[in-house]
Amino acid sequence: MKRDAHVYIFGIGSGIGQGLHKRFLEDPSVALFGFSRKGSLDLSQFSEKGNGTFVLDAKNPNDLEKFQSALVSKYGSQTNKTSSSLQNTNLVVYFALGDGVFGPITGLREEELTSHFQLNVHSLILLSKAFAPLLSLFRNSTFVFLGSTAGKQGFPESVAYCASKHAVLGMARALREEWKPLGTKVVHVSLGAVATEIWDTRPQFDKNDMVSISDISEYLWSISHLPKSLFVDDLSITPRKGIL
């Protein structure tokens, strides 16, 4: 498990998270931990494994509690031998979780709205909370929130999605200030259209006009190699044609 960086990616089951996880598998300098409902290992094995993909349903409170407990078991307290060995290790966390809810507000169902915010907002807050007590154990920490251009402007028939992505932007900005005394980097990436399956139900958009998953994965991977003194706040990425 001892590598120059411990990299956590949440949401590796599909889309950008899956592409990013694939890119990091090519990086021998990291210990890599991936999480999704499609993971191959139970969370009970997390504290024992050096690498792997783990089953985690970010909308399930029990899974989030199990992850927080497993994280403490893995790294222990600030006074044990495990923690002292981490002073030469970086922590990098990517939040690639999220889904899309689209359509006129008149057709938005309450249960659909609740589920959407549980995944896109609540889970990110609770996962960030799980890492918070451990930040001082690592040499450097970087958290990357994958947001959207919908987090900075509005789009028709996207009220729930825009609201959740605005929340992600606010979350990242708040944590950036809260964790600044610890030297923790918090990066928010406003993503334009990336050719993921989220567009499959929206035939009015052409995936050929979008950023490819492999290209965005390469870019996001590079964030993990930012120089120590360089702090990046908000990044904006769009396809060649701009916001579609």
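Note: hydrogens, waters and symmetry copies are ignored here, and every other heavy atom, side chains too, is used.
Contact annotation: the side chain of Lys228 approaches that of Asn140 to within less than 4.5 Å [non-hydrogen atoms, C-beta and beyond]. Considering only heavy atoms from C-beta on, Phe145 comes within 4.5 Å of Leu175 through its side chain. With contacts defined as side-chain heavy-atom distances shorter than 4.5 Å, the pair Phe102/Glu157 does not qualify.
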After noting the C-alpha distance and the side-chain angles of Val7 and Leu32, does the key distance pass the side chain to side chain contact (heavy atoms under 4.5 Å, CB included) rule?
-> CA-CA 5 Å; Val7 177; Leu32 181 61; 3.8 Å; yes
Evaluate the criterion side chain to side chain contact (heavy atoms under 4.5 Å, CB included) for residue pair Val189 and Ile223; output intermediate values, then yes/no.
-> CA-CA 10 Å; Val189 185; Ile223 293 175; 4.1 Å; yes
Determine, stepwise, if the pair Gln45 / Asp42 fulfils side chain to side chain contact (heavy atoms under 4.5 Å, CB included).
-> CA-CA 6 Å; Gln45 299 174 269; Asp42 188 84; 4.0 Å; yes
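Nearest heavy atom pair, residue Phe54 against residue Leu43, reads CB-CD2, 4.2 Å. A pairwise comparison of heavy atoms in Ala70 and Phe46 identifies CB-CD2, 3.5 Å as the closest pair. Contact between Ala172 and Val186 at its shortest, heavy atoms only, is O-CG1, 3.4 Å.
For residues 167-190, every residue pair satisfying the ring-ring contact (aromatic ring centres under 6.0 Å, His included) rule, not counting sequence neighbours, is listed here: Phe143-Trp179. Applying the salt bridge (charged side-chain N to carboxylate O under 4.0 Å, His left out) rule to pairs touching residues 111-121 yields Arg109-Glu111, Arg109-Glu112, sequence neighbours excluded. Legend: salt bridge (charged side-chain N to carboxylate O under 4.0 Å, His left out) pairs involving residues 128-142, not counting sequence neighbours: none detected. Applying the side chain to side chain donor-acceptor pair (under 3.5 Å) test to pairs two or more places apart or on separate chains, none has a residue in residues 63-73.
Contacts of Glu177 classified as side chain to side chain donor-acceptor pair (under 3.5 Å), with partners at least two apart in sequence or in another chain: Lys180. Among residues two or more places apart in sequence or in another chain, the side chain to side chain donor-acceptor pair (under 3.5 Å) test is passed with Thr53 by Ser40.
Within 6.0 Å of CD1 on Ile105 lie no more than 12 heavy atoms contributed by other residues, nucleotides or ligands. Heavy atoms of other residues, nucleotides or ligands lying less than 6.0 angstrom from CD of Glu110 number 12 at most. Heavy-atom neighbours of Lys22 NZ from other residues, nucleotides or ligands within 6.0 Å: at or below the threshold of 12.
You'll find the ring centres of Phe131 and Phe67 inside the 6.0 Å limit. Aromatic ring centres of Tyr75 and Phe138 lie closer together than 6.0 Å.
Linking ILVMFWY residues whenever their side-chain heavy atoms come closer than 4.5 Å, directly or via other members, leaves Val101 and Leu169 in distinct clusters.
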